[in-house]
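First the structure, in the form of structure tokens, and then the observations on it.
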Number of protein chains: 2
Amino acid sequence: MLQFHKQTRSPMAASRSRPPPAPPAASPAQALIAAHGRVTRTRVAVLDSLLASHQPLNHDQIAAELAATGEHHDRVTVYRALDWLVEQGIAARIAGSDRAWKFEAVRRGHRHAHFHCDTCGRVLCLEAVEPAIAVALPEGFRLEQAELVLRGACPDCARNGER
Amino acid sequence: MLQFHKQTRSPMAASRSRPPPAPPAASPAQALIAAHGRVTRTRVAVLDSLLASHQPLNHDQIAAELAATGEHHDRVTVYRALDWLVEQGIAARIAGSDRAWKFEAVRRGHRHAHFHCDTCGRVLCLEAVEPAIAVALPEGFRLEQAELVLRGACPDCARNGER
DNA sequence: GGACAAGATGCTACAATGTTGCAATTCCAT
DNA sequence: ATGGAATTGCAACATTGTAGCATCTTGTCC
């Protein structure tokens, strides 16, 4: 659980009106982004959202997060920021049970399964589930990633009884 | 406008007038559908396509299959037929790497992994891959289905070298 | 075989989720 | 501080799927 992100925004806002002398050690998001390319307002804000969330977010949820900060971020720019983060390996794109992509910050060396709730549509990261995936892939395939996808009802929805 | 579908349906017509004693004369698709509800032109055609395919098909590919038979099938009706087949447990809906659903006929008791090719977008069923999925799900979750999703390059695309 | 009611179809709109093209703006290495 | 490339913002478009509703089919009962 990482719930630090609010204060990362203020140095950024200040830097727009007047470049501060030396705020080098910025947020983890800024550091990550700087290591891969240009640091921009929207990229930082989007990655902040992803890092602060303990579950994958779709574009809508991210937009809501950004709106809550009071800044305006263009819809298309957010899509492009997400594309870029995925391309850089900073974020991962996972297919939800609705037809919208969900995104999560990549934790290196941290394998976990995803649980898709059919009732509420959320995707939960099951940190504790380290699946024993023993795959014998036929000749010719080049494996890039293996993921265990679980479907069903999350605790909240299962408790409420419906199916 | 429906000249061509007659031949597909003739065994059906026969079975309606007089149920054949020996084997289930109607196509497997018709039998499956009849066991769950109304047998209609589009449902049969769609399920035939799924049964004939060795890999999951998206709506576009199914539409192409249907068009090849010379019959016309409305876009919306095909969607609804697919929804119905999934609802009845005859077909399964799986999320592709693009944002279109893919569908496959359900083979009972036949677990297999899916390989998503990032290059050509196809989803291949890996019949030989019987993943050892040992999941210890936390309390509260109700598991409905577990699926192993593999991503990378399929043999065709891997051979052609690009990434 | 024929009539009937529930269910399925085929339109046409509409909704949700991205994507493209391009001029204007921003980032950052000089 | 400045210049050029990367990024943004906007509007238009593309893809994939749904909703509403009048009409037609299917399966059943006589």
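Small disclaimer: the values here were computed from a predicted structure and weren't measured. All chains are named by letter (A, B, ...) in the order of the sequence lines, taking the proteins before the strands, and each is independently numbered beginning at 1.
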Nearest non-hydrogen partners of B/H72 and B/R41, listed with the distance:
O-NH2, 2.7 Å
Note: for B/R38 and B/A100 on DNA chain D, the residue whose nearest nucleotide lies more 5' is B/A100
Could you verify whether a donor N or O on one side chain and an acceptor N or O on the other, from A/E71 and A/H73, lie under 3.5 Å apart?
yes
With nearest nucleotides of DNA chain C determined for A/N58 and B/H73 from heavy-atom distances, which residue corresponds to the more 5′ nucleotide?
B/H73
Would you kindly give the CG-to-C1' distance between A/L82 and C/dT19, to the nearest whole Å?
14 Å
Nearest-nucleotide comparison on DNA chain C, the residue closer to the 5′ end among A/V76 and B/D74
B/D74
Using a distance-only test with no angle check, is there a side-chain donor-acceptor pair under 3.5 angstrom linking B/H114 and B/E104?
yes
Between A/D83 and A/R93, is there a side-chain N and carboxylate O pair less than 4.0 Å apart?
yes
Counting any heavy atom closer than 4.0 Å, what does B/R43 reach on the DNA or RNA strands: base, sugar-phosphate only, or nothing?
sugar-phosphate
Closest to the side chain of A/Y79, out of C/dG18, C/dG10, C/dA8, is C/dG18
Using a cut-off of strictly less than 4.0 Å, decide whether A/W101 has a side-chain nitrogen or oxygen near OP1 or OP2 of C/dG18.
yes
Could you label the plane-to-plane angle of the A/H59 and A/Y79 rings as parallel, tilted or perpendicular, counting under 30° as parallel and over 60° as perpendicular?
parallel
When you measure from the side-chain N and O atoms of A/T40 to the phosphate of D/dT8, is any distance below 4.0 Å, counting only OP1 and OP2?
yes
Ignoring hydrogens and angles, does a donor from either the side chain of A/R75 or the base of C/dG18 sit under 3.5 Å from an acceptor on the other?
yes
Quick one: is C/dA8 close enough that its OP1 or OP2 comes under 4.0 Å of any side-chain N or O from B/T77?
no
So, is A/R41 near the phosphate of C/dT25, with a side-chain N or O under 4.0 Å from OP1 or OP2?
no
Spell out yes or no: do the side chain of B/R80 and the base of D/dG17 have one donor N/O and one acceptor N/O closer than 3.5 Å?
no
Starting from C1' on C/dC28, measure out to CD1 on A/I33 and report it in whole angstrom.
15 Å
Nearest-nucleotide check on DNA chain D, B/R99 vs B/R93; residue mapping nearer the 5' end is B/R99
